[in-house]
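Notes for the one structure printed next.
Order of listing sets the numbers, starting from 1, for every ligand and every atom in it.
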Amino acid sequence: MASIFTRIINGEIPCNKIAETNNCFAFLDINPLATGHVLVIPKREVDYIFDLADSELAELMAFAKKIAAAMRTTVPCKRIGMTVIGLEVPHAHIHLIPINNVDDMNFGKPKLRFTGEELELIAIKIRSAIK
Ligand code: AMP
């Protein structure tokens with residue numbers, strides 16, 4: 001069965017899309033740790049990120065870099081933190097999180113709650129800052 005992220009890529013499940021290329025896709029995390037928490041994924045459904053080919057991983061990282069640059073100009077923060085966990089959804093993904101201190105990357109913290117409209121407003125801002 002297709003992963004929930006493949007279904008998002010295919011438009012079967014809605015998301016707050018940030019950007020896509022031939023091989024990569026970015027959208028807002030639905031349960032964000034911070035305002036503007038983005039997930040960056042390869043379109044090819046691979047569970048473990050280090051099972052991607054070197055070229056796929058390099059392309060994903062370059063794509064994440066572009067998205068992070070847009071996030072940094074949009075969301076007030078010191079920098080964009082990056083982490084990979086992957087224990088919940090078996091489709092490789094990079095978390096990009098605006099951070100001001102190390103605790104902002106703590107996945108044990110309660111998640112933020114936004115309405116669909118609030119999430120879409122954040123997505124619009126990040127999208128419009130992509131160069
Ligand atoms: P993990 O696999 O532990 O890295 O966590 C998966 C992440 O995917 C979590 O931060 C979830 O909030 C996020 N997530 C799960 N389903 C969706 C969805 N439908 N749209 C956006 N983010 C999602």
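Between Lys109 and Asp104, at least one side-chain nitrogen of the basic residue sits less than 4.0 Å from a carboxylate oxygen of the acidic one, meeting the salt-bridge criterion.
Scanning for salt bridge (charged side-chain N to carboxylate O under 4.0 Å, His left out) contacts around Glu118 gives an empty result, with sequence neighbours left out. With sequence neighbours left out, Asn23 forms a side chain to side chain donor-acceptor pair (under 3.5 Å) with Glu59.
A distance of 6.0 Å or more separates the ring centres of Phe25 and Phe63.
Listed as neighbours of ligand 1 are Ile4, Phe5, Ile8, Phe27, Leu28, Asp29, Ile30, Asn31, Leu39, Ile85, Gly86, Leu87, Glu88, Val89, His93, His95, each bearing a heavy atom under 4.0 Å from the ligand.
A 4.5 Å side-chain heavy-atom check between Met71 and Pro98 finds at least one atom pair inside the cut-off.
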What pairs of donor and acceptor atoms, side-chain ones from residues 81-94 against any protein atom, are under 3.5 angstrom apart with sequence neighbours left out?
from: His91; atom 1: ND1; to: Ser3; atom 2: OG; distance (Å): 2.7
from: His91; atom 1: ND1; to: Thr6; atom 2: OG1; distance (Å): 3.3
from: His91; atom 1: NE2; to: Pro42; atom 2: O; distance (Å): 2.8
from: His93; atom 1: ND1; to: His91; atom 2: O; distance (Å): 2.6

